[in-house]
Colleague: 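Quick one: this structure, given as C-alpha coordinates, is what I'll be asking you about.
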There are 2 protein chains.
Amino acid sequence: MEPSTKSRILDAAESLFAELGFRAASMRVVTQEAGTNLAAVNYHFGSKEGLIAAVFERRLGPINAERLAGLDALQQTDADGPSPELEAILAVFLRPAFRLLEDPQARQFPRLLGRIHSDPDRDKVRELLFEQMVELRDRFVPAFARSLGCQDQVELMWHLHFLIGAMAHTLTCADDIEWISEGRMQTPPPEELLRRLVTFAAAGIRAGVAPPGDANPGTTEEPR
Amino acid sequence: MEPSTKSRILDAAESLFAELGFRAASMRVVTQEAGTNLAAVNYHFGSKEGLIAAVFERRLGPINAERLAGLDALQQTDADGPSPELEAILAVFLRPAFRLLEDPQARQFPRLLGRIHSDPDRDKVRELLFEQMVELRDRFVPAFARSLGCQDQVELMWHLHFLIGAMAHTLTCADDIEWISEGRMQTPPPEELLRRLVTFAAAGIRAGVAPPGDANPGTTEEPR
DNA sequence: GTCTATAGACGGATAGAC
DNA sequence: GTCTATCCGTCTATAGAC
(Lines give C-alpha, C1' and ligand atoms only; values in the text may rest on other atoms or scores of the structure.)
Protein backbone atom coordinates (compact mmCIF):
# COMPACT_ATOMS: atom_id res chain seq x y z
CA MET A 1 0.00 0.00 0.00
CA GLU A 2 1.27 3.43 -0.96
CA PRO A 3 1.87 5.75 1.96
CA SER A 4 -0.56 8.66 1.92
CA THR A 5 0.49 12.18 1.00
CA LYS A 6 -0.06 13.15 4.61
CA SER A 7 2.35 10.58 5.99
CA ARG A 8 4.90 11.26 3.26
CA ILE A 9 4.88 14.90 4.33
CA LEU A 10 5.33 13.87 7.95
CA ASP A 11 8.26 11.64 7.04
CA ALA A 12 9.97 14.32 4.99
CA ALA A 13 9.35 16.98 7.60
CA GLU A 14 10.68 14.82 10.44
CA SER A 15 13.84 14.11 8.55
CA LEU A 16 14.46 17.63 7.31
CA PHE A 17 13.55 19.31 10.60
CA ALA A 18 16.05 17.04 12.32
CA GLU A 19 18.77 17.75 9.80
CA LEU A 20 18.28 21.47 9.17
CA GLY A 21 16.13 22.79 12.00
CA PHE A 22 12.55 24.03 11.81
CA ARG A 23 13.37 27.37 10.26
CA ALA A 24 15.93 26.29 7.73
CA ALA A 25 13.74 23.46 6.49
CA SER A 26 11.26 25.36 4.34
CA MET A 27 7.93 23.95 3.36
CA ARG A 28 9.10 24.10 -0.22
CA VAL A 29 11.93 21.68 0.51
CA VAL A 30 9.74 19.46 2.66
CA THR A 31 7.00 19.14 0.07
CA GLN A 32 9.52 18.59 -2.70
CA GLU A 33 11.08 15.75 -0.69
CA ALA A 34 7.59 14.35 -0.10
CA GLY A 35 6.80 14.51 -3.81
CA THR A 36 3.96 16.97 -3.44
CA ASN A 37 3.43 20.72 -3.23
CA LEU A 38 3.05 23.63 -0.87
CA ALA A 39 -0.72 23.63 -0.76
CA ALA A 40 -0.86 20.05 0.53
CA VAL A 41 0.74 21.06 3.83
CA ASN A 42 -1.83 23.74 4.46
CA TYR A 43 -4.61 21.39 3.52
CA HIS A 44 -3.50 18.63 5.90
CA PHE A 45 -1.91 20.59 8.72
CA GLY A 46 -3.19 24.15 8.44
CA SER A 47 0.21 25.79 8.63
CA LYS A 48 3.89 25.09 9.09
CA GLU A 49 3.40 25.31 12.84
CA GLY A 50 0.64 22.72 12.56
CA LEU A 51 3.03 20.45 10.70
CA ILE A 52 5.68 20.84 13.38
CA ALA A 53 3.16 19.92 16.06
CA ALA A 54 1.98 16.92 14.03
CA VAL A 55 5.55 15.65 13.64
CA PHE A 56 5.88 15.57 17.43
CA GLU A 57 2.42 14.22 18.09
CA ARG A 58 3.01 11.21 15.91
CA ARG A 59 6.03 9.95 17.87
CA LEU A 60 5.90 11.48 21.31
CA GLY A 61 2.67 9.86 22.42
CA PRO A 62 3.87 6.31 21.73
CA ILE A 63 7.30 7.00 23.28
CA ASN A 64 5.82 8.27 26.51
CA ALA A 65 3.19 5.55 26.61
CA GLU A 66 6.00 3.01 26.36
CA ARG A 67 7.86 4.74 29.18
CA LEU A 68 4.82 4.67 31.45
CA ALA A 69 3.98 1.07 30.56
CA GLY A 70 7.58 0.11 31.32
CA LEU A 71 7.38 1.74 34.70
CA ASP A 72 4.08 -0.03 35.35
CA ALA A 73 5.69 -3.37 34.59
CA LEU A 74 8.64 -2.59 36.82
CA GLN A 75 6.49 -1.61 39.79
CA GLN A 76 3.97 -4.37 39.29
CA THR A 77 6.60 -7.12 39.43
CA ASP A 78 7.56 -6.35 42.98
CA ALA A 79 4.58 -4.32 44.13
CA ASP A 80 4.97 -5.24 47.77
CA GLY A 81 8.67 -5.97 47.51
CA PRO A 82 11.53 -3.49 47.42
CA SER A 83 11.46 -0.54 45.04
CA PRO A 84 12.91 -1.17 41.58
CA GLU A 85 16.59 -0.44 41.08
CA LEU A 86 17.55 3.03 39.99
CA GLU A 87 19.26 1.63 36.91
CA ALA A 88 16.10 -0.20 35.88
CA ILE A 89 13.96 2.93 36.16
CA LEU A 90 16.50 4.91 34.16
CA ALA A 91 16.61 2.29 31.44
CA VAL A 92 12.82 2.22 31.19
CA PHE A 93 12.76 5.99 30.86
CA LEU A 94 15.55 6.25 28.32
CA ARG A 95 15.15 3.17 26.15
CA PRO A 96 12.10 4.15 24.04
CA ALA A 97 13.91 7.15 22.54
CA PHE A 98 17.17 5.26 21.99
CA ARG A 99 15.39 2.33 20.38
CA LEU A 100 13.95 4.61 17.73
CA LEU A 101 17.52 5.17 16.52
CA GLU A 102 17.37 1.63 15.18
CA ASP A 103 14.06 2.10 13.37
CA PRO A 104 14.72 3.02 9.73
CA GLN A 105 11.35 4.80 9.59
CA ALA A 106 12.00 6.94 12.65
CA ARG A 107 15.77 7.24 13.01
CA GLN A 108 15.71 11.01 12.71
CA PHE A 109 13.12 11.72 15.37
CA PRO A 110 15.38 11.25 18.38
CA ARG A 111 17.65 14.01 17.06
CA LEU A 112 14.64 16.29 16.96
CA LEU A 113 13.53 15.18 20.38
CA GLY A 114 16.94 15.91 21.84
CA ARG A 115 17.09 19.35 20.31
CA ILE A 116 13.59 20.52 21.17
CA HIS A 117 14.54 21.27 24.78
CA SER A 118 16.89 24.06 23.76
CA ASP A 119 15.40 25.07 20.42
CA PRO A 120 14.38 28.73 20.27
CA ASP A 121 11.32 27.60 18.31
CA ARG A 122 10.12 25.17 20.93
CA ASP A 123 7.20 27.47 21.80
CA LYS A 124 5.51 25.99 18.78
CA VAL A 125 5.09 22.69 20.61
CA ARG A 126 5.30 23.95 24.16
CA GLU A 127 1.81 23.01 25.34
CA LEU A 128 2.14 19.60 23.77
CA LEU A 129 5.47 19.01 25.53
CA PHE A 130 4.23 20.31 28.84
CA GLU A 131 1.21 18.00 29.05
CA GLN A 132 3.37 14.99 28.38
CA MET A 133 6.12 16.08 30.74
CA VAL A 134 3.75 16.62 33.64
CA GLU A 135 2.50 13.07 33.34
CA LEU A 136 6.02 11.67 33.15
CA ARG A 137 7.12 13.79 36.09
CA ASP A 138 4.23 12.68 38.28
CA ARG A 139 5.05 9.03 37.69
CA PHE A 140 8.83 8.97 37.45
CA VAL A 141 9.91 11.47 40.09
CA PRO A 142 8.21 9.56 42.92
CA ALA A 143 9.60 6.32 41.51
CA PHE A 144 13.13 7.72 41.55
CA ALA A 145 12.64 9.19 45.00
CA ARG A 146 11.38 5.90 46.40
CA SER A 147 14.20 3.98 44.78
CA LEU A 148 16.74 6.32 46.36
CA GLY A 149 14.99 6.37 49.70
CA CYS A 150 15.53 10.12 49.74
CA GLN A 151 13.46 13.08 50.82
CA ASP A 152 15.48 15.78 49.06
CA GLN A 153 13.29 16.25 46.01
CA VAL A 154 15.11 19.46 45.09
CA GLU A 155 18.42 17.70 44.62
CA LEU A 156 16.68 14.87 42.78
CA MET A 157 14.99 17.30 40.40
CA TRP A 158 18.30 18.96 39.54
CA HIS A 159 19.94 15.61 38.94
CA LEU A 160 17.09 14.67 36.64
CA HIS A 161 17.60 17.99 34.87
CA PHE A 162 21.24 17.04 34.28
CA LEU A 163 20.13 13.64 33.05
CA ILE A 164 17.80 15.28 30.53
CA GLY A 165 20.70 17.36 29.29
CA ALA A 166 23.00 14.38 28.89
CA MET A 167 20.23 12.44 27.15
CA ALA A 168 19.35 15.28 24.80
CA HIS A 169 22.99 15.87 23.89
CA THR A 170 23.47 12.17 23.22
CA LEU A 171 20.34 11.81 21.10
CA THR A 172 21.23 14.87 19.06
CA CYS A 173 25.01 14.96 18.98
CA ALA A 174 26.32 11.47 19.67
CA ASP A 175 28.31 11.61 16.45
CA ASP A 176 30.30 14.56 17.77
CA ILE A 177 32.50 12.07 19.56
CA GLU A 178 33.97 11.12 16.17
CA TRP A 179 34.60 14.74 15.34
CA ILE A 180 36.19 15.69 18.66
CA SER A 181 38.29 12.53 18.84
CA GLU A 182 39.33 13.19 15.23
CA GLY A 183 38.12 9.77 14.14
CA ARG A 184 39.75 7.74 16.88
CA MET A 185 36.36 6.93 18.40
CA GLN A 186 33.20 5.81 16.69
CA THR A 187 29.56 6.11 17.58
CA PRO A 188 28.47 2.77 19.05
CA PRO A 189 25.05 1.13 18.64
CA PRO A 190 22.17 2.72 20.57
CA GLU A 191 22.11 -0.04 23.19
CA GLU A 192 25.69 0.77 24.15
CA LEU A 193 24.96 4.49 24.31
CA LEU A 194 22.04 3.68 26.56
CA ARG A 195 24.10 1.44 28.82
CA ARG A 196 26.82 4.07 29.23
CA LEU A 197 24.30 6.79 29.95
CA VAL A 198 22.48 4.68 32.53
CA THR A 199 25.76 3.94 34.32
CA PHE A 200 26.75 7.60 34.33
CA ALA A 201 23.36 8.96 35.36
CA ALA A 202 22.74 6.40 38.08
CA ALA A 203 25.97 7.34 39.80
CA GLY A 204 25.29 11.05 39.32
CA ILE A 205 21.78 10.83 40.68
CA ARG A 206 22.93 8.90 43.73
CA ALA A 207 25.65 11.45 44.46
CA GLY A 208 25.06 13.49 47.56
CA VAL A 209 21.97 11.54 48.43
CA ALA A 210 22.10 10.20 51.94
CA PRO A 211 21.57 6.54 52.59
CA PRO A 212 18.15 6.43 54.30
CA GLY A 213 18.38 7.62 57.91
CA ASP A 214 21.32 9.99 57.50
CA ALA A 215 21.22 13.61 58.60
CA ASN A 216 21.48 16.56 56.21
CA PRO A 217 22.98 14.86 53.20
CA GLY A 218 22.27 17.05 50.19
CA THR A 219 24.79 19.84 50.26
CA THR A 220 28.44 19.03 49.82
CA GLU A 221 31.27 21.44 50.34
CA GLU A 222 32.15 24.07 47.76
CA PRO A 223 34.36 22.61 45.06
CA ARG A 224 37.39 24.79 44.44
CA MET B 1 32.98 56.83 26.54
CA GLU B 2 30.31 55.82 24.10
CA PRO B 3 30.47 52.21 22.99
CA SER B 4 31.33 51.97 19.32
CA THR B 5 28.78 51.01 16.71
CA LYS B 6 30.66 47.76 16.25
CA SER B 7 30.39 46.75 19.88
CA ARG B 8 26.77 47.85 20.09
CA ILE B 9 26.02 45.52 17.19
CA LEU B 10 27.85 42.69 18.94
CA ASP B 11 25.89 43.29 22.14
CA ALA B 12 22.56 43.37 20.37
CA ALA B 13 23.40 40.32 18.28
CA GLU B 14 24.56 38.30 21.28
CA SER B 15 21.38 39.05 23.14
CA LEU B 16 19.00 38.49 20.24
CA PHE B 17 20.76 35.37 18.97
CA ALA B 18 20.50 33.91 22.46
CA GLU B 19 16.84 34.79 22.76
CA LEU B 20 15.55 34.02 19.27
CA GLY B 21 18.21 31.88 17.57
CA PHE B 22 20.46 32.84 14.68
CA ARG B 23 17.85 32.54 12.01
CA ALA B 24 14.93 34.17 13.76
CA ALA B 25 17.06 37.14 14.81
CA SER B 26 17.21 39.10 11.58
CA MET B 27 19.86 41.68 10.87
CA ARG B 28 17.13 44.26 10.70
CA VAL B 29 16.10 43.56 14.29
CA VAL B 30 19.71 43.38 15.46
CA THR B 31 20.69 46.70 13.92
CA GLN B 32 17.52 48.35 15.14
CA GLU B 33 18.31 47.20 18.69
CA ALA B 34 21.86 48.51 18.24
CA GLY B 35 20.56 51.86 17.04
CA THR B 36 22.12 51.60 13.62
CA ASN B 37 21.32 50.17 10.20
CA LEU B 38 21.74 47.18 7.95
CA ALA B 39 24.76 48.46 6.08
CA ALA B 40 26.79 48.79 9.27
CA VAL B 41 26.81 45.04 9.79
CA ASN B 42 28.18 44.37 6.34
CA TYR B 43 30.75 47.09 6.78
CA HIS B 44 32.05 45.76 10.10
CA PHE B 45 31.50 42.02 9.75
CA GLY B 46 31.08 41.33 6.04
CA SER B 47 27.91 39.29 6.40
CA LYS B 48 25.50 37.83 8.93
CA GLU B 49 27.69 34.76 9.17
CA GLY B 50 30.67 37.01 9.93
CA LEU B 51 28.67 38.62 12.71
CA ILE B 52 27.79 35.25 14.20
CA ALA B 53 31.44 34.25 14.22
CA ALA B 54 32.44 37.57 15.79
CA VAL B 55 29.90 37.13 18.58
CA PHE B 56 31.57 33.84 19.50
CA GLU B 57 35.11 35.05 19.02
CA ARG B 58 34.62 37.86 21.49
CA ARG B 59 33.69 35.62 24.42
CA LEU B 60 34.97 32.14 23.68
CA GLY B 61 38.68 33.00 23.65
CA PRO B 62 38.64 34.54 27.14
CA ILE B 63 36.48 31.74 28.54
CA ASN B 64 38.82 29.03 27.32
CA ALA B 65 41.92 30.97 28.32
CA GLU B 66 40.48 31.15 31.83
CA ARG B 67 39.83 27.41 31.80
CA LEU B 68 43.39 26.62 30.74
CA ALA B 69 44.89 29.09 33.20
CA GLY B 70 42.80 27.53 35.95
CA LEU B 71 44.08 24.08 35.07
CA ASP B 72 47.63 25.43 35.02
CA ALA B 73 47.18 26.80 38.52
CA LEU B 74 45.71 23.54 39.73
CA GLN B 75 48.53 21.43 38.36
CA GLN B 76 51.26 23.85 39.36
CA THR B 77 50.25 23.84 43.00
CA ASP B 78 51.02 20.18 43.46
CA ALA B 79 53.17 19.47 40.44
CA ASP B 80 55.04 16.59 42.03
CA GLY B 81 52.30 15.76 44.49
CA PRO B 82 49.11 13.83 43.82
CA SER B 83 46.91 14.73 40.86
CA PRO B 84 44.26 17.40 41.51
CA GLU B 85 40.86 16.21 42.67
CA LEU B 86 38.29 15.42 40.00
CA GLU B 87 35.90 17.97 41.53
CA ALA B 88 38.53 20.69 41.28
CA ILE B 89 39.22 20.01 37.61
CA LEU B 90 35.50 20.00 36.87
CA ALA B 91 34.99 23.30 38.66
CA VAL B 92 37.85 24.90 36.76
CA PHE B 93 36.38 23.74 33.49
CA LEU B 94 32.81 24.77 34.23
CA ARG B 95 33.15 27.96 36.24
CA PRO B 96 34.12 30.45 33.50
CA ALA B 97 30.87 29.91 31.61
CA PHE B 98 28.71 29.93 34.74
CA ARG B 99 30.37 33.09 36.04
CA LEU B 100 29.32 34.97 32.91
CA LEU B 101 25.71 34.46 34.02
CA GLU B 102 26.43 37.05 36.70
CA ASP B 103 27.94 39.60 34.30
CA PRO B 104 25.23 42.05 33.21
CA GLN B 105 27.17 42.70 29.99
CA ALA B 106 27.46 39.04 29.05
CA ARG B 107 24.56 37.26 30.76
CA GLN B 108 23.11 36.07 27.47
CA PHE B 109 26.23 34.47 26.05
CA PRO B 110 26.13 31.30 28.13
CA ARG B 111 22.70 30.51 26.70
CA LEU B 112 24.18 30.79 23.25
CA LEU B 113 27.18 28.72 24.24
CA GLY B 114 24.97 25.98 25.61
CA ARG B 115 22.82 25.87 22.52
CA ILE B 116 25.58 25.92 19.90
CA HIS B 117 26.38 22.24 20.41
CA SER B 118 23.01 21.15 19.07
CA ASP B 119 22.14 24.11 16.85
CA PRO B 120 21.58 23.16 13.22
CA ASP B 121 23.37 26.38 12.27
CA ARG B 122 26.49 25.54 14.19
CA ASP B 123 28.41 24.95 10.95
CA LYS B 124 28.74 28.70 10.79
CA VAL B 125 31.18 28.62 13.70
CA ARG B 126 32.35 25.04 13.37
CA GLU B 127 36.03 25.66 12.62
CA LEU B 128 36.22 28.21 15.39
CA LEU B 129 34.72 25.77 17.87
CA PHE B 130 36.89 22.90 16.74
CA GLU B 131 40.20 24.72 17.20
CA GLN B 132 39.26 25.70 20.72
CA MET B 133 37.91 22.27 21.58
CA VAL B 134 41.02 20.48 20.47
CA GLU B 135 43.14 22.57 22.79
CA LEU B 136 40.77 22.00 25.71
CA ARG B 137 40.62 18.29 24.98
CA ASP B 138 44.39 17.92 24.87
CA ARG B 139 44.77 19.54 28.26
CA PHE B 140 41.69 18.41 30.16
CA VAL B 141 41.28 14.80 29.06
CA PRO B 142 44.73 13.76 30.34
CA ALA B 143 44.11 15.73 33.52
CA PHE B 144 40.84 13.89 34.11
CA ALA B 145 42.45 10.56 33.25
CA ARG B 146 45.32 11.11 35.64
CA SER B 147 43.00 12.22 38.40
CA LEU B 148 40.96 9.04 37.97
CA GLY B 149 43.99 6.83 37.64
CA CYS B 150 42.26 5.13 34.74
CA GLN B 151 43.32 3.82 31.37
CA ASP B 152 39.89 3.50 29.80
CA GLN B 153 39.89 6.68 27.77
CA VAL B 154 36.84 5.55 25.82
CA GLU B 155 34.65 5.45 28.88
CA LEU B 156 36.10 8.74 30.07
CA MET B 157 35.34 10.41 26.74
CA TRP B 158 31.72 9.30 26.87
CA HIS B 159 31.34 10.51 30.41
CA LEU B 160 32.76 13.87 29.37
CA HIS B 161 30.27 13.88 26.50
CA PHE B 162 27.45 13.42 29.03
CA LEU B 163 28.95 16.21 31.13
CA ILE B 164 28.92 18.55 28.13
CA GLY B 165 25.25 17.73 27.61
CA ALA B 166 24.33 18.41 31.22
CA MET B 167 26.34 21.65 31.15
CA ALA B 168 24.81 22.83 27.88
CA HIS B 169 21.29 22.07 29.05
CA THR B 170 21.90 23.91 32.30
CA LEU B 171 23.42 26.98 30.65
CA THR B 172 20.58 27.18 28.16
CA CYS B 173 17.54 25.86 29.97
CA ALA B 174 18.12 26.17 33.71
CA ASP B 175 14.87 28.12 34.01
CA ASP B 176 12.92 25.12 32.75
CA ILE B 177 12.99 23.79 36.29
CA GLU B 178 10.48 26.49 37.23
CA TRP B 179 8.24 25.53 34.34
CA ILE B 180 8.34 21.79 34.93
CA SER B 181 7.92 22.12 38.68
CA GLU B 182 5.03 24.52 38.03
CA GLY B 183 6.66 27.22 40.12
CA ARG B 184 7.51 25.10 43.13
CA MET B 185 11.24 25.37 42.38
CA GLN B 186 13.24 28.41 41.42
CA THR B 187 16.46 28.87 39.50
CA PRO B 188 19.26 29.32 42.03
CA PRO B 189 22.34 31.54 41.62
CA PRO B 190 25.00 30.30 39.18
CA GLU B 191 27.37 29.19 41.93
CA GLU B 192 24.76 26.78 43.22
CA LEU B 193 24.04 25.45 39.74
CA LEU B 194 27.78 24.90 39.34
CA ARG B 195 28.12 23.14 42.69
CA ARG B 196 25.23 20.79 41.92
CA LEU B 197 26.56 20.01 38.47
CA VAL B 198 30.07 19.31 39.79
CA THR B 199 28.67 16.89 42.38
CA PHE B 200 26.57 15.09 39.79
CA ALA B 201 29.25 14.92 37.11
CA ALA B 202 32.05 13.84 39.45
CA ALA B 203 30.04 10.85 40.58
CA GLY B 204 28.98 10.05 37.04
CA ILE B 205 32.51 10.25 35.68
CA ARG B 206 33.84 8.01 38.45
CA ALA B 207 31.16 5.42 37.76
CA GLY B 208 32.45 2.22 36.28
CA VAL B 209 36.04 3.37 36.53
CA ALA B 210 38.20 0.90 38.33
CA PRO B 211 40.31 1.94 41.25
CA PRO B 212 43.90 1.77 39.91
CA GLY B 213 45.10 -1.80 39.62
CA ASP B 214 41.74 -3.47 38.99
CA ALA B 215 41.08 -5.74 36.02
CA ASN B 216 38.57 -4.97 33.26
CA PRO B 217 36.64 -2.22 34.96
CA GLY B 218 34.75 -0.30 32.27
CA THR B 219 31.77 -2.33 31.25
CA THR B 220 29.00 -3.00 33.72
CA GLU B 221 26.21 -5.42 33.18
CA GLU B 222 23.27 -4.61 30.95
CA PRO B 223 20.64 -2.59 32.79
CA ARG B 224 17.19 -4.08 32.38
C1' DG C 1 -7.48 15.76 -2.19
C1' DT C 2 -4.31 17.59 -5.16
C1' DC C 3 -2.54 20.83 -8.07
C1' DT C 4 -0.66 25.73 -10.32
C1' DA C 5 -0.11 30.36 -9.75
C1' DT C 6 0.45 34.21 -7.12
C1' DA C 7 -0.05 37.30 -3.36
C1' DG C 8 2.34 39.72 0.18
C1' DA C 9 5.82 39.98 3.73
C1' DC C 10 10.50 39.58 4.98
C1' DG C 11 15.20 38.04 4.36
C1' DG C 12 20.44 39.42 3.35
C1' DA C 13 23.25 42.16 0.63
C1' DT C 14 24.83 46.36 -1.85
C1' DA C 15 25.26 50.98 -4.38
C1' DG C 16 26.30 55.31 -3.69
C1' DA C 17 25.67 59.87 -1.12
C1' DC C 18 27.64 62.17 2.79
C1' DG D 1 32.14 55.11 9.27
C1' DT D 2 27.52 55.79 8.68
C1' DC D 3 23.49 56.40 6.28
C1' DT D 4 19.11 55.80 2.78
C1' DA D 5 17.19 53.47 -0.87
C1' DT D 6 16.77 49.53 -3.41
C1' DC D 7 17.66 44.94 -5.56
C1' DC D 8 16.40 40.43 -5.61
C1' DG D 9 15.69 36.06 -3.58
C1' DT D 10 12.85 33.09 -0.41
C1' DC D 11 9.41 32.50 2.74
C1' DT D 12 4.39 31.14 4.25
C1' DA D 13 -0.15 31.21 2.96
C1' DT D 14 -4.08 31.22 -0.11
C1' DA D 15 -7.14 31.55 -4.23
C1' DG D 16 -9.17 28.92 -7.45
C1' DA D 17 -9.07 25.19 -11.29
C1' DC D 18 -9.51 20.24 -11.60
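Chain letters run A, B, ... following the sequence lines, proteins first, then strands; residues in each count from 1.
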Colleague: List in numerical order all residues of residues 121-129 of chain A for which some heavy atom is under 4.0 Å away from an atom belonging to DNA chain C.
Modeller: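 Result for residues 121-129 of chain A: none.
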Colleague: Sequence neighbours excluded, which residues qualify as ring pair (Phe, Tyr, Trp, His ring centres under 6.0 Å) partners of B:Phe140?
Modeller: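 Once residues adjacent in sequence are excluded, the partners of B:Phe140 under the ring pair (Phe, Tyr, Trp, His ring centres under 6.0 Å) criterion are B:Phe93.
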Colleague: Looking at B:Arg95 and B:Glu66, is any side-chain nitrogen of the basic one under 4.0 Å from a carboxylate oxygen of the acidic one?
Modeller: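 A salt bridge is absent here (no side-chain N lies under 4.0 Å from a carboxylate O).
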Colleague: CD of A:Gln32 versus C1' of C:dC3: gap in Å, rounded?
Modeller: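 Going from A:Gln32 (CD) to C:dC3 (C1'), I get 15 Å.
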Colleague: Heavy-atom contacts under 4.0 Å between residues 15-30 of chain B and DNA chain C, which residues?
Modeller: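 Here the set is B:Ser26, B:Met27, B:Arg28.
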Colleague: Is any NZ, NE, NH1 or NH2 atom of the basic residue among A:Asp72 and A:Arg139 found under 4.0 Å from an Asp or Glu carboxylate oxygen of the other?
Modeller: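 Salt bridge present between A:Asp72 and A:Arg139.
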Colleague: Checking B:Gln132 now: which residues fulfil side-chain hydrogen bond (donor to acceptor under 3.5 Å, both in side chains) with it, not counting sequence neighbours?
Modeller: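 Result, side-chain hydrogen bond (donor to acceptor under 3.5 Å, both in side chains) vs B:Gln132: B:Asn64.
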Colleague: What integer distance in Å separates B:Lys48:NZ from C:dC10:P?
Modeller: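 About 15 Å, once rounded to whole Å.
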Colleague: Please determine whether a side-chain nitrogen of the Lys or Arg among A:Asp176 and B:Arg122 lies less than 4.0 Å from a carboxylate oxygen of the Asp or Glu.
Modeller: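 Counted as a salt bridge, because a side-chain N and a carboxylate O are separated by less than 4.0 Å.
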Colleague: Which residues in residues 34-47 of chain B have at least one heavy atom lying under 4.0 Å from any atom of DNA chain C?
Modeller: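 Listed by number, they are B:Leu38, B:Ala39, B:Asn42, B:Ser47.
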Colleague: Judged by modelled atom types alone, do B:Thr199 and B:Arg196 share a side-chain donor-acceptor pair under 3.5 Å?
Modeller: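 No, B:Arg196 and B:Thr199 have no side-chain donor paired with an acceptor closer than 3.5 Å.
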Colleague: Are B:Arg59 and B:Glu14 within salt-bridge range, i.e. N to O under 4.0 Å?
Modeller: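 A salt bridge is present here (some side-chain N lies under 4.0 Å from a carboxylate O).
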Colleague: How many Å lie between CD1 on A:Ile9 and P on D:dA13, as a whole number?
Modeller: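 Rounding to the nearest Å, CD1 of A:Ile9 and P of D:dA13 are 13 Å apart.
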Colleague: Looking only at the side chains, is there a donor atom on one of B:Thr187 and B:Asp175 sitting less than 3.5 Å from an acceptor on the other?
Modeller: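 Note: B:Thr187 and B:Asp175 side chains meet the donor-acceptor criterion.
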Colleague: Could you note down all residue pairs passing salt bridge (Lys or Arg N to Asp or Glu O under 4.0 Å) where residues 34-47 of chain B supplies at least one of them, sequence neighbours left out?
Modeller: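 Found none.
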Colleague: Between B:Arg58 and B:Asp11, does any NZ, NE, NH1 or NH2 come within less than 4.0 Å of an OD or OE carboxylate oxygen?
Modeller: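 Yes, this pair counts.
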